[in-house]
Number of protein chains: 2
Amino acid sequence: MDIRQLRYFIAVAEEANIGRAATRLHMSQPPLTRQIQQLEEELDTQLFVRTPRGMELTQAGTLFLAEARNIRALIEQATERTQRAGQGRLGRLDVAIFGSAILDRIPKLILNFRNEYPDVNVVLHTMTKAEQIAALRQNRITVGFNRMLAPLPDIRSEVIATEALLLAVNLNDPLAAQPALPFDALARRPVILFPSGARPNFVDKVLALCEARGFIPEVAQEVGDAVTGVALVASGFGVCVVPESATTLQYPGVAYLPFADAPADARVDLSCIYRADDHSPILTTFLASVRKSAALQDGAARGA
Amino acid sequence: MDIRQLRYFIAVAEEANIGRAATRLHMSQPPLTRQIQQLEEELDTQLFVRTPRGMELTQAGTLFLAEARNIRALIEQATERTQRAGQGRLGRLDVAIFGSAILDRIPKLILNFRNEYPDVNVVLHTMTKAEQIAALRQNRITVGFNRMLAPLPDIRSEVIATEALLLAVNLNDPLAAQPALPFDALARRPVILFPSGARPNFVDKVLALCEARGFIPEVAQEVGDAVTGVALVASGFGVCVVPESATTLQYPGVAYLPFADAPADARVDLSCIYRADDHSPILTTFLASVRKSAALQDGAARGA
DNA sequence: TCACCTAATACCTTCGCGGTATGATGAACA
DNA sequence: TGTTCATCATACCGCGAAGGTATTAGGTGA
């Protein structure tokens, strides 16, 4: 059996006339006759009774008509769905995110993507940087978000945004009264650092910034993530350098102050990472969407 | 797209290797490669990534594999069902029955058929003889059961069985004490006749039998069917000639007595009727089944 | 009885499927 | 690093089957 034969059969059944059906199928009558005969032969079942007025479906033919229509619809649907999947508009996308950047930028990026491609099932996984790289290599995720990545041959990374650094200060601290702080305010308070995970990380960044300004901060505590860091600030353990997006954390008793001298290097990147050899359409569409919304957010941020 | 291509695609997807798939499909590798390429081209979607170790499904390919399997299963099912319908093993059969013969023979015939062909949906319609013929001509039924049919050019009829006639007598009637009666007992009692519908009918039959024996019975009442007739016997209106199968009606106060002189013509036929030009398999199987069980019942009746 | 509709048949041409032979390419291994 | 082995892709050929034209067969209705 052949899908073409199904199409022919449906046409003949609907027209109840081979000649008209042939016209509708843009072909001549004899080959159509033969195809119908072959179909009947292959099924070993009479589908039509030939009358002088045309072709009349038998009971078996009526049943087969329903089945044939169903099959044809299914094929069309399969074609359409496969094409959409091939364009990255349908399917599943496993995305890894990390603790603190989930706070602001990433949810917006993902939300935009989901609005644009509602038939892509986005599954989020929280992972550390090292876990993300391992998961990418094992194909458990397609894309990850992270900061401060060392270059790797098989993993490509793309900077989505850079964020300014702010200082989280306890409201009881006199520093909190100022609109902005010099960077060396860090030298005068115990500092809470995060995360305590794989290097290079945000800790190194902060220490390097201090070193560049000629002091070594007093480290009050190293913690796992921004949320914990801010919590310790609220408890009066010290101050904590956080990226802009952490300000979404409206923790009572904590103020976020910009650095008055606004050093150009006091920024941190937000990157997305993926396999260098992954050319899947779903990744392609996701990256395109992320780049677009990142540019928009960036523009908005600069504009504001 | 082509069902053959679906088969090829499934094989390649399952083997993850064109060469092995070709072996499984009993063909060589190059045409299979080409068919897969054509399928991808037609769908405008990459279904596989080619690796030095073979063919690996893309996400779109994985989706299409599921769809393809589904479609193939549906096609197989459609084929199988259509074939069964073509053999008269699946479908719908509209059967007309009439009032009194429903009592015994016909339910057995239909029950046998339904046991043998459980996937045929038998729909019963109660109709008079005239209605049956009209319904046959309008294709509203496929087969009918009736008695005493005048021959018609477009309707074929087949005698399924003949039944002996019995006399239904009120138990208070002295006649009821006898084991059997002479036919002219009818001359000595008021007679209830049925049915009162279209001629020729059972009424004519009884009157003709009387006439052949030189008497005209006193007609107490003409009624529509055997059930009513027997009810009137129970009420003492008179006697009533009924076919054998009416004895299934175990009406209190009524005895069914055979005719002692057992006239060979005191029998009535039970026929089934159908369109002469109907060669549908479902009718064919039904008629075969009816003939078989009628022969069995007949044998059993004679044996007993 | 004839005209007209229907489907079926005969015969031809062409397209495409499948076959064989060969090429291109990356992986594994010495 | 070169060699070998596997993979899939390409080139080209022959044949079968699909579709086309012309015609026949058969039943209906005027």
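Residue numbering restarts at 1 for every chain, and letters A, B, ... go by the order of the sequence lines. This is a predicted model, so every value here is computed, not measured.
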Figure out the [atom1]/[atom2] separation between [X] and [N], and round it to whole Å.
X: A:Leu39; N: D:dA17; atom1: CG; atom2: P; answer: 16 Å
X: B:Arg50; N: C:dG26; atom1: CZ; atom2: P; answer: 14 Å
X: B:Gln29; N: C:dG23; atom1: CD; atom2: C1'; answer: 12 Å
X: B:Met55; N: C:dG26; atom1: CE; atom2: C1'; answer: 15 Å
X: B:Glu42; N: C:dG16; atom1: CD; atom2: C1'; answer: 14 Å
X: B:Tyr8; N: D:dC8; atom1: OH; atom2: P; answer: 16 Å
X: B:Arg34; N: C:dG18; atom1: CZ; atom2: P; answer: 8 Å
X: A:Glu41; N: C:dA8; atom1: CD; atom2: P; answer: 13 Å

Using only heavy-atom distances, decide whether a donor-acceptor pair under 3.5 angstrom links the side-chain of B:Gln37 to the base of D:dA9. no

Would you find a donor on one side and an acceptor on the other, under 3.5 Å apart, between the side chain of A:Gln83 and the backbone of B:Leu43?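 Yes, A:Gln83 side chain to B:Leu43 backbone: donor-acceptor pair under 3.5 Å.
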
Of the options C:dA21, C:dG19, D:dT21, whose atoms approach the side-chain atoms of B:Pro30 most closely?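 Nearest nucleotide to the side chain: C:dA21.
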
Could you tell me whether the phosphate oxygens of C:dA7, OP1 or OP2, come under 4.0 Å of any side-chain nitrogen or oxygen in A:Thr33? no

Below 4.0 angstrom from OP1 or OP2 of D:dA18, is there any side-chain N or O of A:Gln38? yes

Under 4.0 Å, counting only non-hydrogen atoms across every strand here, what does [X] touch: a base, just sugar-phosphate, or nothing?
X: B:Arg4; value: sugar-phosphate
X: A:Pro52; value: sugar-phosphate
X: A:Phe48; value: nothing
X: B:Gln5; value: nothing
X: B:Gln35; value: sugar-phosphate

Of A:Ser28 and A:Arg53, the one whose closest DNA chain D nucleotide lies more 5':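 Here A:Ser28 is the residue nearer the 5' end.
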
Restricting to salt bridge (charged side-chain N to carboxylate O under 4.0 Å, His left out), what partner residues turn up for A:Arg50, sequence neighbours left out?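 Expected list: A:Glu40.
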
Determine, step by step, whether A:Met55 and A:Ile18 satisfy the side-chain contact (heavy atoms from CB on, under 4.5 Å) criterion, reporting the C-alpha distance in whole Å, the side-chain angles of both residues, the deciding distance to 0.1 Å, and the verdict. CA-CA 7 Å; A:Met55 307 282 277; A:Ile18 291 197; 3.6 Å; yes

If the threshold is 4.0 Å, N to carboxylate O, is there a salt bridge linking B:Asp119 and B:Arg84?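 Looking at B:Asp119 and B:Arg84, the cut-off is met.
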
Is the A:Phe9 ring parallel, tilted or perpendicular to the A:Phe48 ring (thresholds 30°, 60°)?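 Because their plane-to-plane angle lies in the 30° to 60° range, the rings of A:Phe9 and A:Phe48 count as tilted.
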
